[in-house]
**Student:** 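Quick one: the structure is below, questions incoming.
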Amino acid sequence: MTADIENTGTRPPAEVTDPGAPVSGRPVHLAGPWQDPALAPGARADALIDAMTLKEKVSQLFGVWVGASDEGGEVAPFQHDMEEAVALDDLLPHGLGQLTRPFGTAPVDPAVGALSLSRTQERIAGANRFGIPALAHEECLAGFATWGATAYPVPLSWGATFDPELIREMAAAIGRDLRSVGVHQGLAPVLDVVRDARWGRVEETIGEDPYLVGTIATAYVRGLESAGVVATLKHFAGYSASRAGRNLAPVGMGARERADIILPPFEMAVRESGVRSVMHAYTDTDGIPSAADGPLLTGLLRDAWGFDGTVVADYFGIAFLKTLHGVVGTFGEAAGAALGAGVDVELPTVKAFGSPLTDAIAEGLVPEALVDRAVRRVLVQKARLGLLDADWKPVPPVLAAAAGADGSADGNPEALRGTVRLDTDENRALARRVAEQAVVLLRNDGTLPLAADAAPARIALIGPNAEAPTAVLGCYAFPVHVGGLHPGTPLGIELPTLREACAAEFPHSEIVTARGADIDGPDTGGFGEAAALARSADLVILALGDRAGLFGRGTSGEGCDAENLALPGVQQHLLDTLLDTGTPVVVTLLAGRPYALGRAADEAAAVVQSFFPGEEGTRAIASVLSGRTAPSGRLPVSVPRHPGSQPSTYLAARLGHVSEVSSVDPTPAFGFGHGLTYTAFEWSDLDVEHGRASTEGEFTLSCTVRNTGAREGTEVIQVYLHDPVASVVQPVRRLIGYVRLDLDPGRAARVRMTVPADLASFTGRDGDRIVEPGEIELRLSASSTDTRLTARVTVTGPVRTVDHTRRLHMSTATEILTEAPK
């Protein structure tokens, strides 16, 4: 870090020729090499920094939280209860780094919002000497979080697909929508590995395994970046490991857990995805807040992994160094600590990086070289986005046809209203595919599928999520995240209820409904009606789960942590009451985390798990119930058998599993990777071609998987590594690769896997990542609790130290066979 500061230096402003006096109160824009796209972005940034004053440089290092105008006027600063009022007129003459959530702060028509943003960008660029616009960012955790945009399944559903290519395709569609209206950066994906399912933000994660999280997140980044949108990895690092699953609680983990569980997804994404931004985590680990952790944000992320993008603050995270963590005494000190550690941009608005920073520099408490280092990264990114080009125009693609002859945003708001559609038929079809592949069939006694032409005559659809349109949405979907603050505003997208979806899927069945209970209320007064309805029906579909919300307004979501993993409210009591009726019960879950299901794990006719499956989610569930869609999802998180056996994930060492010396049994009801199908698969003919390899070598093995059932289906070969003897304690098993196979009835696939010894590496006693010689097992499994074939192989040679250049994946080759080899 010191060398970087010295090389950047504190440069005096370069001499620039002022071409004239300001016109109409606006400065005349200065021309310079920074406007030339033929120059390297770094050279352009250096030239611009040389011409800037300190205030102009600092102004590029923060955002302002705004809301687009639904009348098409310029954006207005958003007043959050954690921030002070911002006067744009005072800020803009020096420039502005970012605009925070112009579309995601309040409901606004997309076309009119794009006009509002465009006019604002004209104002921002026109007000500063260099004509530099702001970089606009938005949330895109489960789709573009704005009114009228497609609400895709939440990330936990992405993990359930075990299909990176599908998630890349989804992210590319999200990126195109963001870019079309003038947004440059998306604050996704979340790479936090679930360590305690009581944490409210489990719905935002991809799962409890670092390899699954890494592969799915990397695919998402590739998709978003392919559309020209800057993706943002978050939360770096350790946010999900908070004690007791409480949001923003201290993190108590050792360096080895951090290195082997928390960091690998980030490392994979940095190495493989082309990601251009990282967001620091709120939390502290062993007393060091992430926002002030130089060894993490600079030593590891930049120096070791080679990341060259921007590090942005999680909202208010820099101020939290003073107000929550208490590691600094002033906001100026907070700014210096964050800049010194490697944070480049303060979000969502200016606080520490404003006058507290400039005052601290004037007092000699913070070196200006830190500002130069950060602003260089910001300006390089703006150069790559075309925001420094001499011919830059503020008009986004959706308004280009309506732009003035000079490229200005002079459109008519009322003429534009309704002309931009962000929830297209193509988007909905893609959301449907993701939702269908994410549905996990946990249990089935043969009741499912319910063929549409032979479905039960009378179906009782019961439960608090049976007729709730928003039951499919996570806490960052716009109708939940922001829409709830604007009662009376239309949802903006079609959200069919489960009742509506089932009525369409089973047109020959009579469907009767009862709520039975609220999501989290204590009232059991509806149990009698629900039980009577169940007894009168041929089948019960019971819709249970969560209500997404923020900071206690839901049962799942940011700040909605759980004391245990019992179903919220009296839902378990309702479930048991309906099981007692004797009518077959199909439990359907629309939830943000896994829950213990009590008797249902063994007694329900079927259990169908979905994790906030998005706007097409109820149709996806109904199509799985009917069998029109074959279930193919696999659990990205374990489903507990007991609600109080937390924290527990499948990545446990021997002492983390059931034992005779503890009365708590953490064995899950359904393990990570579990998922049933409507067909059957036979695994056979394991061939270990190369069973001995040096610590630098690789193993080769192959097997055959055949669909022995009567219909098409999907099998997921999950490869787990078991290291029976290691120099430090290891998980009993950990996922190192997977292969998703779609097979027609009677068809087989021969899958050949090449597994580098690098995948057996772990953090040794001295903190280095090593590969040790010895015997290991490669377990080819249908889930973490269902091993089908085991290859015992031997690693030979000396202990080998590896680094971030090690191989991260096994390679596979799949051949579809007419007949399995004899």
Side-chain angles (χ1 to χ4, degrees), residues 63-83 85-86 99-117 119-120 136-152 154 174 177-178 181-183 186-187 200 203-204 315 348-349 413-414 416-423 427 465 467-497 519 546-560 592 612 614-615 617:
V64 173
W65 199 334
V66 298
S69 165
D70 199 38
E71 284 74 45
E74 293 176 358
V75 301
F78 173 63
Q79 189 57 50
H80 192 280
D81 59 7
M82 293 179 66
E83 67 186 61
V86 173
L99 287 169
T100 294
R101 303 201 67 189
F103 288 88
T105 300
V108 61
D109 176 88
V112 178
L115 178 63
S116 176
L117 176 59
R119 287 173 169 173
T120 302
H137 77 257
E138 285 290 352
E139 297 284 358
C140 55
L141 187 79
F144 183 5
T146 191
W147 188 85
T150 305
Y152 293 92
V154 298
I174 295 171
D177 286 341
L178 288 164
V181 294
V183 175
L187 302 187
E203 64 174 69
E204 301 179 42
Y315 285 11
T349 191
E414 293 311 310
L416 289 172
R417 194 178 303 277
T419 62
V420 173
R421 185 181 173 200
L422 296 178
D423 188 27
N427 281 5
N465 276 336
E467 296 189 273
T470 58
V472 294
L473 301 180
C475 75
Y476 269 80
F478 189 86
V480 172
H481 195 67
V482 177
L485 303 177
H486 299 269
T489 300
L491 291 174
I493 52 176
E494 180 189 359
L495 294 175
T497 66
I519 287 288
D546 279 314
R547 180 185 67 255
L550 290 168
F551 305 112
R553 296 192 292 271
T555 59
S556 174
E558 185 173 0
C560 299
F612 289 142
E615 63 184 40

**Student:** Tell me whether N427 contacts the main-chain N or O of L422 through its side chain, where contact means a donor paired with an acceptor under 3.5 Å.
**Tutor:** yes
**Student:** To check you understand the geometry: which heavy-atom pair defines the closest contact between S556 and C475, and what is its length?
**Tutor:** O-CB, 4.4 Å
**Student:** If I take atom CD from residue E71 and atom CG from residue L115, how far apart are they, to the nearest 0.5 angstrom?
**Tutor:**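 CG of L115 is found 11.0 Å from CD of E71.
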**Student:** What are the two closest non-hydrogen atoms of V482 and P107, and how far apart are they?
**Tutor:**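 Result for this residue pair: CG1-CD, 4.4 Å.
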**Student:** Testing the basics here: between C140 and I174, what is the closest heavy-atom pair and its distance to 0.1 Å?
**Tutor:**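 Answer, listing the atom of C140 first, then I174: CB-CG2, 3.9 Å.
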**Student:** Looking at CG of D109 and CG of L416, how far apart are the two atoms once the value is rounded to the nearest 0.5 Å?
**Tutor:**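 Answer for the CG-CG pair, D109 versus L416, is 8.5 Å.
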**Student:** If only atom types and distance count, is the side chain of D546 paired as donor or acceptor with the main-chain N or O of G592 below 3.5 Å?
**Tutor:** yes
**Student:** Which heavy atom in V112 sits nearest to a heavy atom in P413, and how many Å separate them?
**Tutor:**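 Minimum heavy-atom separation between V112 and P413: CG2-O, 3.6 Å.
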**Student:** Rounded to the nearest 0.5 Å, what's the gap from CZ on R547 to SG on C560? Could you check?
**Tutor:**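 Between atom CZ of R547 and atom SG of C560 there are 8.0 Å.
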**Student:** Parallel, tilted or perpendicular, judged at 30° and 60°: which one describes the rings of W65 and F78?
**Tutor:**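 The rings of W65 and F78 sit tilted, inter-plane angle from 30° to 60°.
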**Student:** How long is the span from the NE2 atom in H481 to the OG1 atom in T105, to the nearest 0.5 Å?
**Tutor:**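 Going from the NE2 atom of H481 to the OG1 atom of T105 covers 8.5 Å.
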**Student:** Applying side chain to side chain contact (heavy atoms under 4.5 Å, CB included), run through T150 and I493 and close with a yes or a no.
**Tutor:** CA-CA 7 Å; T150 305; I493 52 176; over 6 Å; no
**Student:** Hey, what do you get for CD (E139) to OG1 (T146), rounding to the nearest 0.5 Å?
**Tutor:** 12.0 Å
**Student:** When you measure from the side chain of T120 to the backbone N and O of S116, does any donor-acceptor pair fall under 3.5 Å?
**Tutor:** yes
**Student:** At their closest point, which heavy atom of A136 faces which heavy atom of G182, and how far apart are they?
**Tutor:** CB-O, 3.9 Å
**Student:** If you measure from CG on L473 to OH on Y152, what distance do you get to the nearest 0.5 Å?
**Tutor:** 14.0 Å
**Student:** Would you say R421's side chain and D423's backbone share a donor-acceptor pair under 3.5 angstrom?
**Tutor:**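 Such a contact is found between R421 side chain and D423 backbone.
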**Student:** Would you please say whether a donor-acceptor pair under 3.5 Å links the side chains of Y476 and E203?
**Tutor:**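 There is no such pair between these side chains.
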**Student:** Carefully, step by step, assess E138 and L178 under the rule side chain to side chain contact (heavy atoms under 4.5 Å, CB included).
**Tutor:** CA-CA 8 Å; E138 285 290 352; L178 288 164; 4.0 Å; yes
**Student:** Between W147 (side chain) and P490 (backbone), is there a donor-acceptor pair under 3.5 Å?
**Tutor:**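 Yes, W147 side chain to P490 backbone: donor-acceptor pair under 3.5 Å.
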**Student:** Do H137 side-chain atoms and G186 backbone N/O form a donor-acceptor pair below 3.5 Å?
**Tutor:** no
**Student:** When you look at T100 and T349, which way does the side chain to side chain contact (heavy atoms under 4.5 Å, CB included) test go after all the steps?
**Tutor:** CA-CA 7 Å; T100 294; T349 191; over 6 Å; no
**Student:** With the side chain counted from C-beta on, respond yes when I519 and N465 share a heavy-atom pair under 4.5 Å apart, and no when they do not.
**Tutor:**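 Yes, at least one pair of side-chain atoms sits under 4.5 Å.
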**Student:** Any sub-3.5 Å donor-acceptor pair from R417's side-chain atoms to D70's backbone N or O?
**Tutor:** yes
**Student:** Closest approach of F103 and L117, non-hydrogen atoms and distance?
**Tutor:** CE1-CD2, 3.7 Å
